[in-house]
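Beneath this line is the structure, given in structure tokens, with notes to follow.
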Amino acid sequence: MVNIMLRFLFAAFTSIIMGLLFMGIGRKFIARIRRHYAGPFYQSFIDVIKLFSKKSISHNWIMDFGVMMGFAGIIATIIFMPIGPFNVFSQMQGNIIIIIYFMTIGYLGMAMGVAASGNPNATIGIARALTLMLGYEIPFVLTVILLVFANNSSLLQVMVVNQQGGFMEWNAIRYPFAFLAALIALQGMLGEQPFDAMIAPSEIASGPMVELSGKFLGFGFLQHAAQIFLETGIIVNMFLGGSQNFFIFFAKQLALYLLTVAVSGIFPRYRFEDAVKFFWMAPTALAAIQLIIFII
Amino acid sequence: MIDNRLIYVMSLLLFLVGLYGVLTRKNILKMLVAVSIMETAANIFLIGLGYISNSSAPILSESLKQVNLLGSNISDPLPHSLVLTAIVIGVGTTALGIAIAVRLYSHYRTLNINKMGDKDEL
Amino acid sequence: MSYNSAILLIAAPLLMAFLSFILGIFNKRIPAILLVLTLSFNFYFSTYLLTLVSSKGVLVSVISGFEPPFGINLVLTYFSLLLLSLIYLIILSASVVFVSKKTDENTVKVATLLFLFTAAASGLLLTGDIFNMFVFFEIFAVANISLISLKKNKTSLKGSFKYLLLSSIGSAFLLFGIGMIYGTLGTLNIAEIGLRFYELSPLTGAFIFIMFLGAILSETETFPFNFWITDSYKGARNFVNILLGSASSVAALYIFFRLFFTIIGYPINNRYEFLISMDARLIIALISAISVIVSEIGALSSKSVKRILAFSSASQMGMILFAFSISDFNSFSAALTLIFNLSLSKAILFLSSHEIMKGAKEKNIESFTGGLGRNPVFSALFIFGSLSMVGFPLTLGFYGKISLVASAVSASGYFSILVFVILLASAAELFYYFRLMHKLFVSEQNHTEKTKMNWFYAASGSLLLAVMIILALMPKFTERIVSSAAGDMMDKTTYIERVLKAEDLK
Amino acid sequence: MILYSFLFALLTALLSLFIRREYNYIRWILYSAVLASLTFLIYTMNGLWGYSESFKLLSVGSVDFSLNFKVTPLSWLFSFFTTGLSLSISLFSIVKNRHEESERSIGFFWLILSVCNIAIFLSADLLTLFIFWEAMTFVSFFVISPGWTKSFKAVNYYFILSILGAFAMLVGIFFLYSKSATFNIESNIAQLFVLYELNSPQAIFITLMFVLGFFTKSALMPFHIWPAEAHSEAPDDFSSYLSGIMIKYGLYGSILFLVPLFVFISKFSQTQPMSNHIPLFSHILAWVGAITSVVATFLAVKSNDMKRLAAWSTVGNIGYAATSIFILSSMGVAGGIFHIINHAIFKTAIFLSLAAVKYRTHEREMHRLGGLAYKMPVTFLTFLLGIIAAAGIPPLNGYASKWMIYQSLLSGRFPFLATMIFLSSTGAFMYLFRALHSVFLGQLPSKFDDVKEVPFLMQIPMYILMLLMVIIGIFPGTVLLPVNSILKSMNMEEIKVTYTTMYSMLSSVDAPIVFLVFAGSFAFAFILYLIGKPRRHVELLDNYTAGQDPKEFGLTREMYHFALKFYEPFEHMFDKYPRTNTKEFYDSFERKINETGSFIKKFYSSSPRSAVYIFTLSIVLIIIYGWLVW
């Protein structure tokens, strides 16, 4: 029991720390692209600690509850994801369907919390986010189905094991179209440009975040960090062969994250209904083509 | 000598005349007359059935009593009685029809049937 | 009383028709009371004869000593007596409704007409002679037409005039058909015609078939021949509606059976076949299916309640004719159940709808609004009646419809397709009945006074309802009635044998 | 015993009609008592598999009408859960209907409906099934529309479609009966299988008739329009019964009759076309289910009426269950049954909480509501748990059945079905959140400042349902073990399941662990929350407005609630594509019939001459026909 709790805490803290670190590095990276200055790579840690120690306002208990639930949902999802060689539970090693559904708790919690704040900007952001979710889930699910079929299992751990032995065994090489589709979906999942209509700062005042202050914003930060860790982790497990070594695993995640940041650095923002349409066209077609090729 | 078939054809023609009358006349009373013609046609048809060429009337007389009925040449009496009944009934129907016609006239102030097809209270 | 006094069933109402005319001069109530008494007697006597027949088989009552096939005789079969009892029951309830009305100068005349109606119906169902049947048919039509025109408004007059035209043409057709039969077979006795019909050439048979069709289909309210129904039902008085919708329909169906099955058809392999040059069963089935569809659609878009009920009556008749056209034991059982359902529930519907709509200006669907609050007893009666009509499970209508489907499907061929069409059409029936029932439940804002209860209506309605419930909930009893009547319908041979050798069985 | 309990319930219903309007609550307490005793009776029948009762009715012609009841695992599970749920709804109705105007007829017919409900599940042969099916259809008419003009219009779609479906089923039953001469379900399945081998088109026709009957009742495509109309216009507490329980009859019928048939075919048939190792017919039906769920999802996103939205969600869920059932694997059938039970529970909860909202606010349009969570916390929590379950989010019961559905779809290799189900599942999250936000979150309109939580008696069923959702979510075996005995009685392979863990070919899930992980993460978040500096409470309208004073430009709470046209840009995505409107299709059909009807009517009331014309014409036609034949 204590063992499991320790494992649990390890997974939670790893994800938060690595996520924040990725965020910091990402900021640096984008600053290099855009040729301006950024804070140190540990800036995110400072931000979070500062936010938690500042005073904050809340409108009602649902807001508190929702924000906590949003963060808890992402953490709970990470518990089921294999982090390199590490798994919290021995028998459910990354059940992908459970993971997909657990991720929704995070969205629901955050959405509920900010909706309870009563600010229409936040709700508009949520509406956009949920609509966008309908878009990127389709190509993502298609790639998931492909890998489930290919490995005859819905466990991420099994997928990782099947990719061992050189990078030629990676699913990214075996199923390039699906990998491409998953990368585009990842861009949407992380809410990076061109798919960041839900947080559009100048248009709807940062959307969901508009009413968050102090530790609530801190929770938002943490949730985003954990989300970066989680979603890059899933793709790494699915397509880039996972790893038996923590550092290689993190490096792969970082590489993926920097790729999305780089893409976001050079693209303008899509209207979100156009984004949904795009998701249903290009990446879905790619994933479907890969699936059909596989079945045939 | 009259062929029975002639009677049948005649009655059929009469029937068609009656039908034509019912279909084309506008006046209710004329329609009733046409109906009567149709009934008459049916009656003539019945009479024709009992008719045998050159036969005598089926009246029970002294001479008839003696001879074998099968060999004698009398027309069939049954249709006559049938027709009598049918005529009586036809008269009844016609009378009823005329009564209704009178009532209809008092409502519409006309006997023209085309003016009675009002589409009230659909 | 022996079965030989069956003539009393015809004679008693005829006698009373004259008597009531005379006695009516003294007191206008007397004819009404006489009416109820006579009908009670007739009902009792017919049920007595029914028990007699059920133990002894078909009986023949010879009139004035002429043995069949000569002369006129009354044939007492289980089927005819059953329907006759039903008709008496309906007329009884209708006359109870009639009696409840205030007396006026018309009372005596109407009573006479009702006696005439009773006598004609009895004659139609009992006679074993086809020309005699024609005579009663005409008297029956005359009684009907006069009853319809009682109300003297435009609609009723127009309706009765239509009826008059159609039935006159029809009777001319019938007369031609009878003449044809007499000319070829030389007899008027139904049994003997039935025995020897096969001697006719198929073409003559087809000719007679068409003549009969023209004669009877306007009475059975079948689509292309039934243009009198809406105006007549809508214009007629309430008790006349009950008579038209229930008693006349049953009588018409009986004539239909005798003309087409006892005379033309032959039971081969437990199914009636027609030895004529056209597929008679297909024609009847097609016409009845079309009739069902057209009347259902007509009813669906109607607003006037009486018109809806008229159309519904036509569609039910179509369904029964369809059951007839399948013409085996199962379908006849289904038809009988449907006949019971039709006559009883239609009478209840007319009766209760009249009471519910009492006081309303426009007698259309809207006048049903809030019926349950205003008039709970009759609304309940209406609901029961329409539930049985649409075939709510475990009512007579349900048994009838289901067994109709069963027999049609097992007969296969075009019947199974047509029955599907008929079922689809009867969904429309469900719709408009439920629309009416729904209106009853609508509660009004301004609480109107409860309508004054008419006890005569209630008595007559609950009598019918009681019969319906007994039939639906006493399986043994109903089963026996239906199966013996259906067996009787199938058994043409016995009918012929008993009639033609009547003297042996005395 | 079964029959007597039915008669007892019917008698109670009849007697209750004489209770005066002032004592309405006595009537409902009576109903609850009857339902409780029925629930207990059914509970005692657990394990008495094969116990049967027969009651002979009339026999007309060759058809012997009789009522046959039989207890099987399938019928037990369904009847127990549905009766238990109706008991909890009736507790809700005691208070809800105290001042209801047309309440007398609602209660009376509802109790009859509950009897029909049990009878449908317990019926042992097709005729009994049909009898109660028909009775249920007729009776439900009066509950959906107890004399309300608006609901009458809505009920028409339901009623006509159901009746047509029932008649189609009737034809199917009797086609089979004319071959097999029995109404027994097993022998009819065997007979139909034989017919598939001998006369395939006829067999397909018969199966299609049954499919029509079941699909109209369960509102699958193209009959999916009626729930949105009927569920939204029905009395509020009855909507939960309609949506939670009554819509399942079609799927019950499919599990009872179609699934064994298709399983038979997939095992033994030589002649039938197969795809993905299941009969093509069944595969098509699975697709129908998936398409239904997607279509219903898109329509739910568009609706602004909260009951209508919940009704569309019902259709979507029925779609998943149908898809899962018709892929015929043990996992799929079990997942389908499990999802049906789960859906009954969470949809009852959702509709009850909506009924509670309407009870207090008398509003149904979502944009006129808002912020009610602060006033009605229990109702909010019920709704929240309901939508969590409905969106298939762990750790409530919905995810367990959805997990099974995905496992069965993936292990049976149906990638596109799985994608469609996934699409509609995500969409479900989308529109359910919209309802949550518009009704319970956001700004509270000032007219609802005095709204209170519903009375305690109305909260009881909500507590029960919440508890059920959580318990089944943590211990899916409580339902899945009985489902296993259903599979056994249907001669299908059992699935591997314990009280806590579900296994599939691809993976396994330990439900308590899932729950504990969620609880642990939440505790983790809560600790972080405590670590942070304590928050300050601020009024809801004191909000970010880009630096302006809200009072200055007359901002009200109603105006600051973003709820109308929530997903408008998403709806506009489909503007360019031609739209087929099923409802419009049905309406135009109705118009056509009415036009024909007016034409006929006009003819009937025209002058007497046209009557004679048509008479003559018809006779001539018959003569011509005779001529042609001769």
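Chain A is the first sequence line, chain B the second, and so forth, proteins listed ahead of strands; every chain is numbered from 1.
In this structure, the separation between OG on S171(C) and CE on M38(B) is 8.0 Å, given to the nearest 0.5 Å. Remark: F134(C) CZ to I89(B) CD1 distance equals 5.0 Å, nearest 0.5 Å. Distance CE/M31(B) to CG/L165(C): 4.5 Å, rounded to 0.5 Å. E138(C) contributes atom CD, which lies 6.5 Å from atom CD of E39(B) (distance to the nearest 0.5 angstrom). Here NZ of K158(C) is found 4.5 Å from OH of Y108(B). Values are rounded to the nearest 0.5 Å.
When L82(B), V88(B), L96(B) are compared by the number of non-hydrogen pairs under 4.5 Å with chain C, L82(B) comes out ahead. With chain C as the partner, the residue from L19(B), V22(B), I28(B) showing the most heavy-atom pairs under 4.5 Å is I28(B). By number of non-hydrogen pairs under 4.5 angstrom with chain C, the leading residue of T94(B), I100(B), L12(B) is I100(B).
For a residue to count as touching a neighbouring chain, one of its non-hydrogen atoms must lie under 4.5 Å from one of that chain's; by this rule L104(B) touches chain C with backbone and side chain alike. Contacts of I169(C) with chain B are made by both backbone and side-chain atoms, with heavy-atom separations under 4.5 Å. For L188(C), the part lying under 4.5 angstrom from a heavy atom of chain B is the side chain only.
In the displayed structure, K30(B) atom NZ is contacted under 6.0 Å by at most 12 heavy atoms of other residues, nucleotides or ligands.
Between S11(B) and F176(C), the shortest heavy-atom contact is OG-CE2, 4.1 Å. The minimum heavy-atom distance linking A42(B) with A172(C) is given by the pair CB-O, 4.1 Å. Contact detail for L46(B) and G179(C): the closest heavy-atom pair is CD2-CA, 3.5 Å.
Checked against a 6.0 Å centroid threshold, the rings of F15(B) and F173(C) count as neighbours.
Side-chain contact between F161(C) and L32(B) is present, with at least one heavy-atom pair separated by less than 4.5 Å. The closest side-chain heavy-atom distance from Y182(C) to L78(B) is below 4.5 Å.
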Exercise. Please report the C-alpha distance between V35(B) and L164(C) in whole Å, then the side-chain angles of each, then the deciding distance to 0.1 Å, and finally whether the side-chain contact (heavy atoms from CB on, under 4.5 Å) criterion is met.
Key: CA-CA 10 Å; V35(B) 168; L164(C) 180 96; over 6 Å; no
Quiz item: What do the steps show when you test F45(B) against L175(C) for side-chain contact (heavy atoms from CB on, under 4.5 Å), and what is the final call?
Solution: CA-CA 9 Å; F45(B) 179 67; L175(C) 211 53; over 6 Å; no
